[in-house]
Amino acid sequence: MTNQRIAQTLEQLADLLEFTGTNPFRLRAYRNAARKISAMTDAIATMVERGDDLTKLDGIGKSVAEKCVTLVEDGKLQQLDDLLEEVPKSVLDMLRIPGLGPKRAAIIFNQLNISTLDQLKEAAEAGKIQELDGFAAKTEKAILAGIAIAAAAGQRIYWSEADAIAQRLRAHMADCSAIQQMEFAGSYRRGKETVGDLDLLVTSDEPSRVMEHFAEFSEIESEIVSGDTKMSVRIGDAFQVDLRVVPDDAFGAALQYFTGSKEHNVVLRGMAKNRGLKINEWGVFKVDGEQETWMAGRDEAEVYGALDLPVFPPEIRQARFEFQWAEQGALPDLITLDDIRGDLHMHTTASDGQNSIDEMAAAAKKLGLKYIAITDHSKRVSMANGLDDDRLLAQWDDVDKANDSIKGITILKGIEVDILEKGGLDISDAVLEQADWVTASVHYGGKQDRETITKRIVDAIAHPSVSAISHPTGRLINQREPYEVDMQAVMMAAAKYGKLLELNAHPVRLDLNELHCSMAREMGVSIVINTDAHNIPGLQMMRFGIKQARRGGLTKDAVANTRTWAQMKKLIGKPA
DNA sequence: GCCGTTTTCGGCCCGACTGTTTTCAGTCG
């Protein structure tokens, strides 16, 4: 039983209990515990087997600890099974309808015995919803409209897509002279892999002018809510954008507030309370009985400063490790795009790429890179026209020629060698040992059991010519689950053999995730951030990988390709 | 259900907006 499974079980327990009118703080306790467990790098299962006291973990008390032990030992929870008899899982779909929360969904379920979206639609069309207590015609209409959204929504968009929308909206808003300061907040600012909606924060003395201008953004499909200082709209079928207008001296407080994360803010507000302060989106206030005095809020430094805290980079506002770091006075200096010197994973027309070696090198040089590795697929990836020994050796002659014709950047002879289903690599050792850079990847047999696939990858790490493993878990965000691979074992092997693990910068991969980055940091495993570019624009994806690395708390030193190639060679044990 | 340098009870972040309401609950972020 993995931590993720345990966390999901606790989440589901909380979701279902919500329908039974359970004390909301009990639900929060379950959800907090689920969050803690899913963010842990140690396996609960291992701790249970060792007989560790789980209640020592923050946020886990006697009850949740017992549930964890039961889950690890029995693989299931009787309480959850009983609950599922009472409340069908399908009722949770109703919560995806905007404006319909657990309270009113429970009324619909209990009084009309409705448990699916289809039944709900039927009842709403028949006018049965508005007959319920606390419901009326408007709510019924909103539910009907929301069913379509619930069906289309539920999927968060990639950060890169949200970024494109944000940039167009920013350009539109730039024409509004009533705006003083403007910034996007929310999960977009925190650089999450996927973004559920965009939060745009603006300061102005004339909120109505700003809101009017916002409403004119050409991509808006419909308005959801519109008040004096707040407006929500929908772009496309489901994507929501929220605008908030606040006075200029509240910009920092509002930016902090709307950037979150929710968990980070809960901790922050708790700390404020302990000091007799209150923080909301309007500022930091000194609380003295009934009296509240404004103290700070113009910028984020003021807000955090009021609590003697540093301004946390948005990416690490996860209530995972940032407060501990601040307490120790050791906030890490997170990696930036400017720190990157090389890109060690890219494809050319030799396999499934769209540009030549020369074109990729010229484009990389333009981006300021000092070295790149050409790493086309090997022959096992037949649909990508992967290279065999002979074609690879021939390509390396082309690399020599390309190096002769371009100055200011070094092109390395590389290969993305396939880790075969039965184990082993599909380029001969004799050729591999002549390469400057070998990164090994799984492309087939991703559904193998944990033991098999972990051994494949660990064996590849142990291969003397392999320097790195690319996209180690194989997940595709919103599309494909990661392999069952035991990442702890992979990290241990990487640490033992001094090999690197790739953080693939492609916005759909971002593999490693932020927890893996933390794990690597703790275990002393070096990360290499690569674009896996298949064409010239693909080289620009590096920034997505940097965001992910920052979310994992990685510094420049933790990332190998911030070094010069000469330093890198030393790191991967190649002769100078 | 969890937690505690105001500690074993009593609190748990906080405000805007909406719809259904005569003063507020539910939802959302």
Side-chain angles (χ1 to χ4, degrees), chain A residues 10 13-14 17-18 21-36 54-68 79 94-108 129-143 146 153 185-190 195-201 207 211 223-232 240-246 250 253-285 287 292 303 307 319:
Chain A
L10 290 172
L13 195 58
L17 280 171
E18 203 154 28
T22 304
N23 171 7
F25 294 109
R26 189 174 150 209
L27 304 181
R28 180 189 294 179
Y30 284 151
R31 293 194 170 116
N32 274 340
R35 256 196 82 254
K36 290 276 180 207
L54 297 177
T55 64
K56 291 242 159 53
L57 298 168
D58 197 28
I60 295 180
K62 191 160 162 281
S63 168
V64 173
E66 277 172 11
K67 287 181 172 61
C68 288
Q79 187 190 0
M94 286 200 262
L95 301 182
R96 294 213 312 268
I97 296 173
L100 190 60
K103 288 274 164 53
R104 291 196 298 195
I107 292 173
I108 292 173
I129 301 296
Q130 60 174 302
E131 291 168 6
L132 295 169
D133 274 349
F135 291 77
K138 268 196 171 172
T139 307
E140 187 174 76
K141 208 172 148 213
I143 287 174
S187 57
Y188 168 68
R189 182 166 182 242
R190 300 199 311 277
V195 175
D197 59 26
L198 271 180
D199 302 292
L200 178 59
L201 179 69
M211 293 177 53
E223 278 182 25
I224 303 167
V225 297
S226 179
D228 293 339
T229 62
K230 183 184 161 174
M231 186 164 176
S232 295
Q240 184 173 331
V241 182
D242 298 328
L243 169 73
R244 242 349 235 277
V245 187
V246 299
L255 185 58
Q256 192 290 317
Y257 183 89
F258 290 109
T259 296
S261 65
K262 191 174 151 193
E263 292 80 12
H264 175 90
N265 284 358
V266 167
V267 173
L268 196 72
R269 265 154 258 298
M271 290 172 78
K273 204 161 198 175
N274 287 341
R275 293 179 170 218
L277 302 176
K278 187 172 87 172
I279 305 181
N280 59 29
E281 65 259 57
W282 305 104
V284 182
F285 298 85
V287 180
E292 290 183 359
V303 176
L307 291 168

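Here is the naming used below: chain letters follow the sequence lines, and residue numbers restart at 1 for every chain.
Taking 4.5 Å as the limit, every side-chain heavy atom of A/Ser63 sits out of range of all side-chain heavy atoms of A/Glu66. Within the 4.5 Å cutoff, side-chain heavy atoms of A/Arg190 are placed close to those of A/Thr259. By the 4.5 Å heavy-atom criterion applied to side chains, A/Leu255 and A/Arg189 are counted as neighbours. At least one side-chain heavy atom of A/Tyr30 sits less than 4.5 Å from a side-chain heavy atom of A/Leu17.
Summarising the geometry, the separation between CG on A/Asp228 and C1' on B/dA16 is reported as 10 Å, rounded to the nearest angstrom. When rounded to the nearest whole Å, the span between CG of A/Leu13 and P of B/dC2 equals 12 Å. Straight-line distance from the CG atom of A/Asn265 to the C1' atom of B/dC14: 10 Å, rounded to whole Å. What separates CZ of A/Phe25 from C1' of B/dC14 is a distance of 12 Å, to the nearest Å. The distance between atom CD of A/Glu263 and atom P of B/dC14, rounded to the nearest whole Å, is 16 Å. Rounded to an integer number of Å, the gap from A/Asp133 CG to B/dC24 P is 19 Å. Atom-to-atom, CG of A/Leu277 to P of B/dC14 comes out at 11 Å; the value is rounded to the nearest Å. Atoms CG (A/Asp58) and C1' (B/dC3) sit 9 Å apart, rounded to a whole Å.
Annotation: side chain to side chain donor-acceptor pair (under 3.5 Å) contacts involving residues 275-284 of chain A, sequence neighbours excluded, comprise A/Arg244-A/Glu281, A/Arg275-A/Asp308, A/Lys278-A/Glu292.
Using a distance-only test at 3.5 Å, with no hydrogens or angles considered, a donor-acceptor pair links the side chain of A/Ser261 to the main chain of A/His264.
One C1' atom belongs to B/dA25, the other to B/dT20, and the distance between them is 9 Å to the nearest Å. A gap of 23 Å separates the P atoms of B/dT22 and B/dC28, to the nearest Å. A gap of 15 Å separates the C1' atoms of B/dT18 and B/dT23, to the nearest Å. Comparing the P positions of B/dT27 and B/dT21 gives an interatomic distance of 15 Å, to the nearest angstrom. Between B/dG1 and B/dT8, the two C1' atoms lie 15 Å apart (nearest whole Å). Separating the P atom of B/dC12 from that of B/dT7 is a span of 16 Å, rounded to the nearest Å.
Pair check for B/dC28 finds B/dG15; Watson-Crick or G-U wobble, both atom distances under 3.5 Å.
For A/Thr22, the side-chain hydrogen bond (donor to acceptor under 3.5 Å, both in side chains) partners are A/Thr20, not counting sequence neighbours.
Residue contacts shown for A/Leu132 are absent, as no nucleic acid heavy atom lies under 4.0 Å away. If you check every strand for non-hydrogen atoms under 4.0 Å, A/Leu27 touches nothing. Contact annotation for A/Ser232: no contact, since no heavy-atom pair falls under 4.0 Å across all strands. As judged by a 4.0 angstrom heavy-atom cut-off over every strand, A/Tyr30 is placed among residues touching the sugar-phosphate backbone only. Residue contacts shown for A/Val64 are limited to sugar-phosphate atoms, with no base heavy atom under 4.0 Å away.
At the phosphate of B/dG15, OP1 or OP2 sits under 4.0 Å from a side-chain N or O atom of A/Asn280. An OP1 or OP2 oxygen of B/dT20 is reached within less than 4.0 angstrom by a side-chain nitrogen or oxygen of A/Thr139. Distances shown here put every side-chain N or O of A/Trp282 at or beyond 4.0 Å from the OP1 or OP2 atom of B/dC14. Contact between the side-chain N/O atoms of A/Ser63 and the OP1/OP2 oxygens of B/dG1 is found at a separation under 4.0 Å.
Between A/Val225 and A/Arg269, the residue anchored nearer the 5' end of DNA chain B, judged by the nucleotide with its closest heavy atom, is A/Arg269. Taking for each of A/Val266 and A/Ala29 the nucleotide of DNA chain B with the nearest heavy atom, the 5'-most of the two is the partner of A/Ala29.
Out of B/dG19, B/dC14, B/dC17, the shortest distance to the side chain of A/Lys273 is found at B/dC14.
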Sort me out a list of protein N/O and nucleotides 25-29 of chain B N/O pairs below 3.5 Å, or just none if empty.
| unit_1 | atom_1 | unit_2 | atom_2 | d |
| --- | --- | --- | --- | --- |
| B/dT27 | OP1 | A/Gly101 | N | 2.8 |
| B/dT27 | OP1 | A/Gly101 | O | 3.0 |
| B/dT27 | OP1 | A/Arg104 | N | 2.9 |
| B/dT27 | OP2 | A/Lys103 | N | 3.1 |
| B/dT27 | O5' | A/Gly101 | N | 3.4 |
| B/dC28 | OP1 | A/Gly99 | N | 2.8 |
| B/dG29 | N2 | A/Tyr257 | OH | 2.4 |

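To the nearest 0.5 Å, atom CD1 of residue A/Ile129 and atom CD1 of residue A/Ile143 are 5.5 Å apart.
For A/Asn32 against B/dG1, no side-chain N or O and base N or O form a donor-acceptor pair under 3.5 Å.
In the model, A/Glu263 has no side-chain atom that pairs as donor or acceptor with a side-chain atom of A/Asn32 under 3.5 Å.
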